[in-house]
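Scroll down for the structure; my scribbles are underneath it.
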Amino acid sequence: MLSGDIPPNQTIYIKNLNEKIKKEELKRSLYCLFSQYGRILDVVALKTPRLRGQAWVAFLEVASASNAVRQMQNFPFYDKPMRIQYAKTKSDCIAEAEGTLAPKEKKRKQEDKAERKRRGDEGQQPATENGAAAENGGRTAPSRHGNSNAQEAAAPNNILFIENLPHETTSDMLELLFKQFAGFREVRMIDAKPGIAFVEYEDDIQSSIAMQALQGFKVTPQNAVAITFAKNLSPSNSYRLRHALTPMKKLSLTVAMNNPFDILTDEIIHAVLDHLDDDPFTRKSFSLVCKSFYLLERLHRKSLKPLRSELLHGVLHRYPSISHLDLSCCPRVNDPLLASLSASWKSTLRSINLSRSRHFTATGLRRLAENCSFLVEIDLSNGTELTDVAAEAVAEAKNLERLMLARCKLITDIGIGCVAVGCRKLRLLCLRWCIRITDLGVGFIAVKCKELRSLDLSCLPITEKCLPPILQLQHLEDLVLEGCLGIDDEGLATLNHSCKSLKTLNLSKCQNISHVGLSSLTNGAEHLKQLVLAYGPAVTTDLGKCLLNYSRLKSIRLDGCLVTCSATKAIGSWCASLTELSLSKCSGVTDECVSFLVQSHRELLKLDITCCTKITYASIDCITRSCTSLTSLRMESCSLVSEDAFLLIGQRCQFLEELDVTDNEINNEGLKYISRCSKLRSLKLGICSNITDDGLTHVGSGCPKLKELDLYRSRGITDAGIAKIACGCPAMEMINIAYNDKITDSSLISLSQCLRLRILEIRGCPRVSTVGLSTIARACRELEVLDIKKCVDINDNAMFALGQFCQNLRQINLSYCSVTNAGLLSLANTNRLQNITILHLAGLTQNGLAAALLACGGLTKVKLHTSFKPLLPKYIFEHMEGRGCVFHWRNKAFQVEIDPNGWQLHVGKTP
DNA sequence: AGCACA
């Protein structure tokens, strides 16, 4: 090791530091960097010819120093790898703390230094006598820096000296000003000397903070106060200053002078960072505050979602503590990359998402599983090329708790058998669409992995034969058997076990299971909370009665089922109340059913009655009367519900956060009432042709929290309505105003106030142009998804603006716009573009397209017109597909214009 | 490469 023969020491010695970094910054950064290993007593760095590029960090504990020597060895710090050893001698601050720093020793040290200096300087400086050299050096030092003693600032202390006060200032006035800061003690003024004052705080840090905050404060327009530390301290204060400050406090004080944030301890900053974890933008702003925040953020960062795999190599060393790696934006992840990341984050990596990545094999997975022994989660969904060898490699991850293998269609019972043997700690396993896995593999899993909590077996060719061991799992809470057509009533009747721990059961699309099978399967499942029976057999009275066995049931989804009225009456006659009920697309649901249900489930929070086409005003009356705490109501296409029903929603359901009334008869009066729901976050008003700007005005003034608004084909609206929305809903993240022919640039200009806008759909708005979109691009820098299909007046200039300002753009549909080669190419500047659709761009040539495709390095999905296929050189496809991009070809004919009376499009001929 | 505390 680099520490060589030097015995362990509380202090570490670091060399090969970047000599360009200023001393104070270097000390501060070292402090930040090393405080992860323990309490630091002092950081020493000097810029003298002999000592530049080196530093000492003194820890309270030897163990901290040892860890620092080992773990930070060669850590790239200001672009240079640090070389770390134990220090050869004891630091003075430690000797002082131990009470062993004798004055004698100090003197001896000084002499040593003088001696060395003399020897080192031979030939360059005339030799001087020992004592004289030492003393002289001490005295001349300040004058070298060009500061006379008289002008030199006093050392930081607890008393501030205030100058340039208006003569009429009283101590009361000053007290008011200075007592806002913690630690305030008193103001002292001298009658004979107007214009100055002394303000005392409890300690130097508190006085420093007040100084920072009030420096230059204008008491009157002419009197900006000047604050310095007081110079002539009373004897008691000067004693305090000499003895109360530990070396570390001195350091943090010097630091506080430059940056007020630096007086925060690392623990506090880490606690702040813990709360920022899921928001990349906040973290980014955080690390831009100052260099030490930047550094700490790097060290603290635990999750990473790189936009491209090429970028990953560069950050392997930058972020030493990554535990969660999301590679879902990286279509190409090869074995060497898996090997190097698993080497870098060997002891930290706990979770990795490879669900959208390809080009790796069992070899890479094996390295991952072997290196990262703390790995608990791997998402390999969509690994359609992965075989049993890959599953065998995954089985090396002995601590794995969550494994997602959805659509790994080549993996068989053999592969899953390896996983069962290797990963005994599995708690969650998703085998959805692993169509080669049969009863054998599933049964084996259930026998071996006793810790399983959650098991997804959707669409597997399994039968009831694999169920007995599954139902014996002691902790199983979540079982998904969606689309398992091999399981039927007859088979289920053979079961004699029940799973008591089961909390959620999903039997959607299980056409062969009726209430008979359901009760055999859930016999004794007294903790069942959620039941999904969507798209299954008819919901009959018997089924309804069967549900009565589960007294703790909170949520039922019956989407797409034929529901009889008597069945809903049975469901309605429970004593306990459901919180979530979905009846979307249930044919057979009438007002009578709904009324019955909601009257006995008054605690309902979420209700979905999408496409319950028979219900009317009466249902809405009943729902809103009974379920006043409703937070989500989805009722798209309930076309018999009359316009006055919507008033009731606004009057009675003040807690609504989500409302979908797409394709309903709602009018402005209804919107007026609905805008009383001030908690509304999502409002869908697509194809609501009765609403106009008046209605939107109400929404704009009543729903300040709105994040999502859908006005697709709500053809009564104009720019004036959008202006009210833009003004009243600053939190807006997603807006759809597609196919509204009255919308112009003016709407886009108003929407540019919504700085958090992420998704903008203006497809088929023929009157918007480059001007409007460029304004959006300049203002809404978080834009991720943009649909401008058929906006024929949008041209290259708008693309230039997007390329310049919208660095987060992920997805764009440009079909039928007036964009040409140059505009398309400029989108490559956004760096993050993954998904692009271009059918019919008149100004685009094959060379322009080829150049743009190559330039947009992060593309994962490209939708093009078939006519381009033979025109592009073959190597383009090879190259793009090699990078992980998938091409989708469409052969739609050129569509000329939008039918002003509806959404049927005239189909014209190709140009 | 270089081990100090100003």
Whole-Å distance, A:Ile14 CD1 to B:dG2 C1', equals 14 Å

From CH2 of A:Trp56 across to C1' of B:dC5 the rounded distance in Å is 9 Å

* Can you check whether A:Ala224's main-chain N or O pairs, donor with acceptor, with A:Asn164's side chain at less than 3.5 Å? -> yes

So ring pair (Phe, Tyr, Trp, His ring centres under 6.0 Å) across residues 310-330 of chain A, not counting sequence neighbours, yields none

Taking the six-membered ring for Trp, is the centroid-to-centroid distance between A:Phe198 and A:Phe161 below 6.0 Å?
yes

note: A:Asn9, atom CG; B:dC5, atom C1'; distance rounded to Å ~ 13 Å

Sorted by position of nearest nucleotide on DNA chain B, 5' first, the leading residue of A:Leu17 and A:Lys23 is A:Leu17

*Can you check whether A:Leu368 reaches A:Leu349 side chain to side chain, under 4.5 Å on heavy atoms?*
yes

Are any of the side-chain nitrogens in A:Glu24 or A:Arg28 under 4.0 Å away from the carboxylate oxygens of its partner?
no

note: A:Glu19, atom CD; B:dG2, atom P; distance rounded to Å ~ 13 Å

When rounded to whole Å, the NZ to P distance for the pair A:Lys88 and B:dG2 reads 7 Å

note: A:Gln10, atom CD; B:dA4, atom P; distance rounded to Å ~ 18 Å

(message) Please determine whether side chain to side chain contact (heavy atoms under 4.5 Å, CB included) holds for the pair A:Ser208 and A:Tyr201, giving the CA-CA distance in whole Å, both sets of side-chain angles, and the decisive distance to 0.1 Å.
(response) CA-CA 9 Å; A:Ser208 309; A:Tyr201 283 84; over 6 Å; no

With no angle test and no hydrogens, is the base of B:dA4 tied to the side chain of A:Ser91 by a donor-acceptor pair under 3.5 Å?
yes

Can you tell me how the ring of A:Phe34 sits relative to the ring of A:Phe59, calling it parallel under 30°, perpendicular over 60° and tilted otherwise? perpendicular

From CG of A:Leu46 across to C1' of B:dA6 the rounded distance in Å is 9 Å

For DNA chain B, the expected dot-bracket line (Watson-Crick or G-U under 3.5 Å, [ ] crossing, | inter-strand) is ......

Looking only at B:dA4, B:dA6, B:dG2, the nucleotide nearest the A:Thr89 side chain is B:dA4

note: A:Lys27, atom NZ; B:dC5, atom C1'; distance rounded to Å ~ 9 Å

Looking only at B:dA4, B:dC5, B:dA6, the nucleotide nearest the A:Thr48 side chain is B:dA6

Within the structure shown, what part of the strands sits under 4.0 Å from A:Leu51 by heavy-atom distance: base, sugar-phosphate, or nothing?
sugar-phosphate

